[in-house]
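Since the structure comes first, as structure tokens, the remarks are kept for the end.
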Amino acid sequence: MTPLLSLKNVSKTFGHGDHIVQAVRDVSFDVMPGECLAVVGESGSGKTTLANMILGVFGQSSGELWFDGKPLPTRRTLEHRSAIQLVQQNPLSSLNPKRSVGASVRLGLDVYGIGSPSDRWSLVEAALEEVGLPRDFRKRPPAALSGGQRQRVAIARALACQSRLVVLDEPTSALDVLVQARVLRLLNDLRAAKGLSYVFITHDLSVVRNVADRVAVFKSGQLVECAETGAIFENPREDYTRQLIGAVPVVTREEIELRNTLATEGQT
Amino acid sequence: MKRTLVILLRNPLSLIGVILVALVVLSAIFADFIAPFPEHRGSVVDFVNFNKAPNATNIMGTDLVGRDLFSRIIYAFRISLVLGVVVLAIATPIGTLVGLFAGYVGGKTEFILMRLTDVFLSIPPLVLAIAMMGVLEPTLMNAMLAVTAMWWPWYARLVYNIARSEREEGYVLAAEVIGASTPHIALREILPNCLPAILTKMTLDMGFVIIIASSLSFLGLGVQPPTPDLGSMVAEGARYLPDSWWLTVFPGLAILIAVFGFNLVGDALREILGADQ
Amino acid sequence: MTPVLRLLARRLGISLIVLVGVSMLIFGIARVIPGDPARIALGPNATAEQVDALRESLHLNEAIPVQYGYFVKDLLRGDLGTSLYTNRPVTQDIAQFLPATLELVLFAGILMVGIGLPLGIWSARYRGRWPDHVIRLVSLLGVSAPSFVWAVILMLLFAFFLPIFPIAGRISDIYEIERVTGFLLIDTLLAGNLAAFRDAFWHIVLPAFALAVSGIGQAARLTRANMVETYDKPYIEMAQAYGFRARRIARKYAFKPSLIPSLTIIGLDFAAMLGNAFLVEAVFAWPGLSRYGVAVILRKDLNAIIGTVLIISATFLIVNLIVDLLIAFLNPRIRYSQRGSS
Amino acid sequence: MRDVLRIEDLVLKFRGYTGVTEVLHGISLNIRAGERVALVGESGSGKSVTARIVLGQLQELRSAQVQGGLYFEEQDLNRLSRRQWHALRGTHMSMIFQDPTSSLNPVFTIGVQFTEVLRRRDPKLSKEAAAKRAGELLNSVSIHDHARVLNAYPFQLSGGMNQRVAIAMALANHPSLLIADEPGTALDVTVQAQTLHLMHDLVERTGTAVLFISHNLGVVREFADRIYVIYRGRIVEQGPTQAVFENPRHAYTRALMAAVPRITGGGVPEIQDMDGAFFDPLEVHGEDRP
């Protein structure tokens, strides 16, 4: 099977002269069709830079990106743009406060010419319905929605563009746990129903454990470990991964035990 | 919109502002019906009644050629308001576009546009207008031109600052990722978020344009006699202080009242629309 | 290079670019206008030969960019041309009239900062209570009238009705003060003449105050707005949670962070006084640049107009430069930043 | 054992354009000396305003109406003058904020701010003595290059470093109560874990009582002896941490626990819509005074 997205030795540096910052160094990984790959790391790990390169916000300094078996240029065609979409962390800022929710969702349809202009409002409403929002939310301003509802709108915006790969940049970390659980479930259901692939960027390992197929751990711009989710949690190879898991605040006894065993293994 | 109006009318200070603005605007529009001596806006001479202190017929007194001061002040409002509206109607769109694109596009566009703006901002506002009026003929038309030339950079700067901070907002990134065009992002996404601040500044600026225009004519570089203008009326009367105090005090107070009204409303708008800088 | 020096160099560079832009702008305006400068200079009675001769010597027959080149060449030698009004070099005229204006503006600037900032601090500290309401109303009134209106009102009240201050001029005729700096407040002290100093001081109070009224209002409003914003910051909440005295928070912990964004605008307001000085000088018969400026403008004396505008713009840029340095000094982020930009 | 803090039937209302909204509907809680008590709830539950009420900050807002009993170290706070209450802040009670970097003043050095805090208890403290004392306190949070840190501005230090500084400042005057409002939420997970351990050890050693405000159940489980679960301005469940986590009784607490994804796996939790039951009466676990 050809991967949907491949990164081959991708690096990114910022600045010039004495002030070079290497944000991403020599990173390679694949995302298969229908797969959810979690990208885990703390601040300064380069995960946002990575996301921006995948989305074509800026180009890589070296290396190659491939999409669906073909090289992905920095200047994206509309086809590429519609196929790769984004859901951001803060739904409060990712929706324009001065435009209706519907207008924000519709933007992609207009840009890509999806549907005829007269059909687009009903496509927007269909997308809203798909994420569990009433059709008449289309006319509301973002301020009239709760945090969870806004995040659903952001997801609807990505769906409406008929995307195949969605970059989820900390999509639930600004939400309360009860809302987070519902949004995560929605994301899972949509992935299964539509065969979507996710690049799920997060710092929350307990979320990763339950949504990702594979996990890529980043530290200071480098990929330190990439493996199946189960393997990462039960048998992490890198100390840094172990540290990350050890720092997760947990609620049940079993989890504490898991953490303790990881910690003792790490010492031996 | 409705909410804005309700809050505006509920607060005593902004209510006073609304009333003052309404008084000035209405008297300017209906000057022909309100002014006791409409013909005094021109070069009428009535030496029998010249230089009279305020009295029952001429509630603000008469000037040196016997014209009713109250009538002339009302007509002067008309000139000031027309000037303010025209200046802002031209300066605001120019400044907004410059600031919007400089702030959103960044890079070379930003450097060139903002240095150009800096050039205009580096000449104290009044001095630029004075200099322009110096080389041009002092007419109403040229006064508007001069004031407009010094006004647009302030909007460029205001909108530039907002656009630069809005550029960092998630919704701009979202639109960029989708692939929306630069004009779309600048005009449809960012501009609506600048509007409250622009609207507030326009209200406050109505007052400032009145100040600048009257300053020009105070120096003899603006609207020329016999057209009634508050600035030239003060200038004319200043030579007859303190005996004919009404010649300066009433036109001076008229400026104060008009500008104060616009400022009160502008301040209230700023608070309601949350448009701080 | 330290960040502050780098900032200074950068700002100086930008100021130079801006100054070149200003000179081109004002030169352009002066050349593009209808009418022949040589004809205007010589008056309607001059012969065509005389006009042609003057055109030739002023390089008026060249293309405008070439004319600008000549202008810059002269400018770099400190030559702004000759005023057609006074028949003296423009630089000499400016040297004579500028100090009086600067003295007035500086005095007004001190009043603006000295009164405006404390009012703003006070207003913010008592946000929503009566001192705040009073200060806001008064400062709004202050910015609601041009300085010539304040000049007339102050003159009427404190020179005519209550004859506390002199009506006009810089100093009484009885004093003969040797001109050293051109600033009378300094020259009188240098001459050791305290009575003259007192007299000069007494003369400057009303005009300076008239000039400062709107600046005071503006500074108070701005300081209040920025302080109110600062009061909502977590670090002020923390200072309050730790029981720091309200007065200490107002004067130190909230004031300094909010002064930094205010300073740029205060600098601009200060510069605006250079323009407003024209108005106040006219009312109080202050022998500064204004009388000269208005006179040369009414006579279409182009060299003098260009010179006056350039010198005012340069002063303005210097003020801005000082403000930038002050900000760099107050803001550790600029002082210690790697890139040296704000 | 005596209570450091006792809140009885606390009601908070805000007056706004749209009328009066009640934010707290009568909550009661107590913290004994040296005890670590957590107040856990989602955003908008009223947990942060509770902290501001204890410090007496909210009462200074004219739009806020506060009713109910507030007792600190056996004194009735409501009977204190504003001045007396103010005097308790920074000395007998202190606070740690969510984002350490933004809660430190950006234009003053750490040293200046530390001195100001130390002078709350000892107004005559000299600069040198303050620096020495600050150095000792920084030692206790494992910062050893005192001079560099005290001369630095907050933006020159990492978030974790600023958090340590904030902890040292909070405990500088030996308060009997420390209020921690979502401490370290803005930090990276590993840094958050480290600083929480540090804080835990330090308050244990100094016997400082803590009111720990958080939305994160995992953090609460590790830090607190006892917890109060708050939902929309009402306490719905309270008890020793162990008891509540092992056997949550209130529908809301159960839902909250169920909603947290487990690192042991098990898939994304399923949440039933049962908001109605969230308004059930208070559940109190044993060994706990009502």
Side-chain angles (χ1 to χ4, degrees), chain C residues 2-4 121 124-133 223 226-263 326-342, chain D residues 48 51-52 54-58 60-63 82-110 112-121 123 151-156 162 166 169-170 172-173 175 178-179 181-182 186:
Chain C
T2 69
V4 174
I121 296 174
R125 187 182 151 190
Y126 294 102
R127 163 158 54 148
R129 285 183 259 166
W130 70 264
D132 183 29
H133 294 309
T223 308
N226 284 326
M227 293 253 315
V228 162
E229 202 172 302
T230 305
Y231 265 103
D232 289 336
K233 293 273 163 68
Y235 54 83
I236 296 301
E237 204 189 334
M238 159 141 167
Q240 287 164 340
Y242 276 67
F244 295 6
R245 292 256 159 259
R247 191 203 271 185
R248 205 161 163 71
I249 292 176
R251 291 187 184 174
K252 186 172 179 182
Y253 292 101
F255 177 60
K256 195 173 165 190
S258 38
L259 181 61
I260 292 164
S262 309
L263 267 181
L326 213 57
I327 290 173
F329 174 73
L330 287 174
N331 191 348
R333 253 180 213 284
I334 296 180
R335 238 182 308 148
Y336 294 108
S337 78
Q338 290 300 309
R339 286 179 296 135
S341 63
S342 57
Chain D
S48 282
R52 305 296 186 280
V54 174
L55 285 167
Q57 281 180 294
L58 215 56
E60 289 171 9
L61 279 185
R62 275 202 282 168
S63 57
R82 186 153 284 179
R83 213 194 183 98
Q84 286 168 314
W85 200 336
H86 197 271
L88 293 174
R89 295 188 203 161
T91 53
H92 294 263
M93 44 172 96
S94 71
M95 183 149 176
I96 290 178
F97 292 82
Q98 181 168 358
D99 179 6
T101 307
S102 69
S103 67
L104 291 167
N105 199 309
V107 299
F108 293 96
T109 59
I110 303 287
V112 167
Q113 300 183 53
F114 222 123
T115 308
E116 188 82 45
V117 169
L118 288 168
R119 282 186 182 155
R120 286 287 299 131
R121 179 141 271 184
N151 283 321
Y153 290 91
F155 73 91
Q156 293 174 305
N162 281 326
M169 271 187 193
N173 292 326
L178 171 65
I179 299 170
D181 187 3
E182 304 266 7

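Proteins come first, then strands; the chains are lettered A, B, ... in the order of their sequence lines, and each starts at number 1. Fair warning: this is a prediction, and the values are worked out from it, not measured in the lab.
- Top candidate by heavy-atom pairs under 4.5 Å with chain C, chosen from D:Ala87, D:Gly90, D:Ser103, D:Gly56, is D:Ser103.
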Let me see the working for D:Val117 and C:Phe244 under side chain to side chain contact (heavy atoms under 4.5 Å, CB included), right down to the final yes or no.
CA-CA 8 Å; D:Val117 169; C:Phe244 295 6; 3.9 Å; yes

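- Interface check for chain C: of the options D:His86, D:Arg89, D:Met169, D:Gln156, the most heavy-atom pairs under 4.5 Å are formed by D:Arg89.
- Screening residues 240-254 of chain C for salt bridge (charged side-chain N to carboxylate O under 4.0 Å, His left out), with sequence neighbours left out, gives C:Arg248-D:Glu116.
- Within the 4.5 angstrom heavy-atom criterion, no atom of D:Glu60 approaches chain C.
- Atoms CD and CE, on C:Glu237 and D:Met95 in that order, are 6.0 Å from each other to the nearest 0.5 Å.
- In terms of heavy-atom pairs under 4.5 Å with chain D, the best-connected choice from C:Ala246, C:Ala254, C:Pro257, C:Gly128 is C:Pro257.
- Nearest heavy-atom pair across D:Phe155 and C:Pro332 is CZ-O, 3.5 Å.
- Annotation: side chain of D:Gln113 is not in contact with side chain of C:Met238 (no heavy-atom distance under 4.5 Å).
- Using a 4.5 Å cut-off between heavy atoms, D:Ala166 touches chain C through its backbone atoms (N, CA, C, O) alone.
- In this structure, the portion of D:Leu55 lying under 4.5 Å from any heavy atom of chain C is its side chain and not its backbone.
- Neither the backbone nor the side chain of C:Arg127 comes within less than 4.5 Å of any heavy atom in chain D.
- With D:Arg120 contributing its side chain and C:Gly243 its backbone, the two residues share a donor-acceptor pair below 3.5 Å.
- Summarising the geometry, atom OG belonging to D:Ser102 is positioned 9.5 Å from atom OH belonging to C:Tyr235; distances are rounded to the nearest 0.5 Å.
- Ranked by heavy-atom pairs under 4.5 Å with chain C, the first of D:Pro106, D:Pro175, D:Ser94 is D:Pro106.
- For D:Arg119, no part sits under 4.5 Å from any heavy atom of chain C, backbone or side chain.
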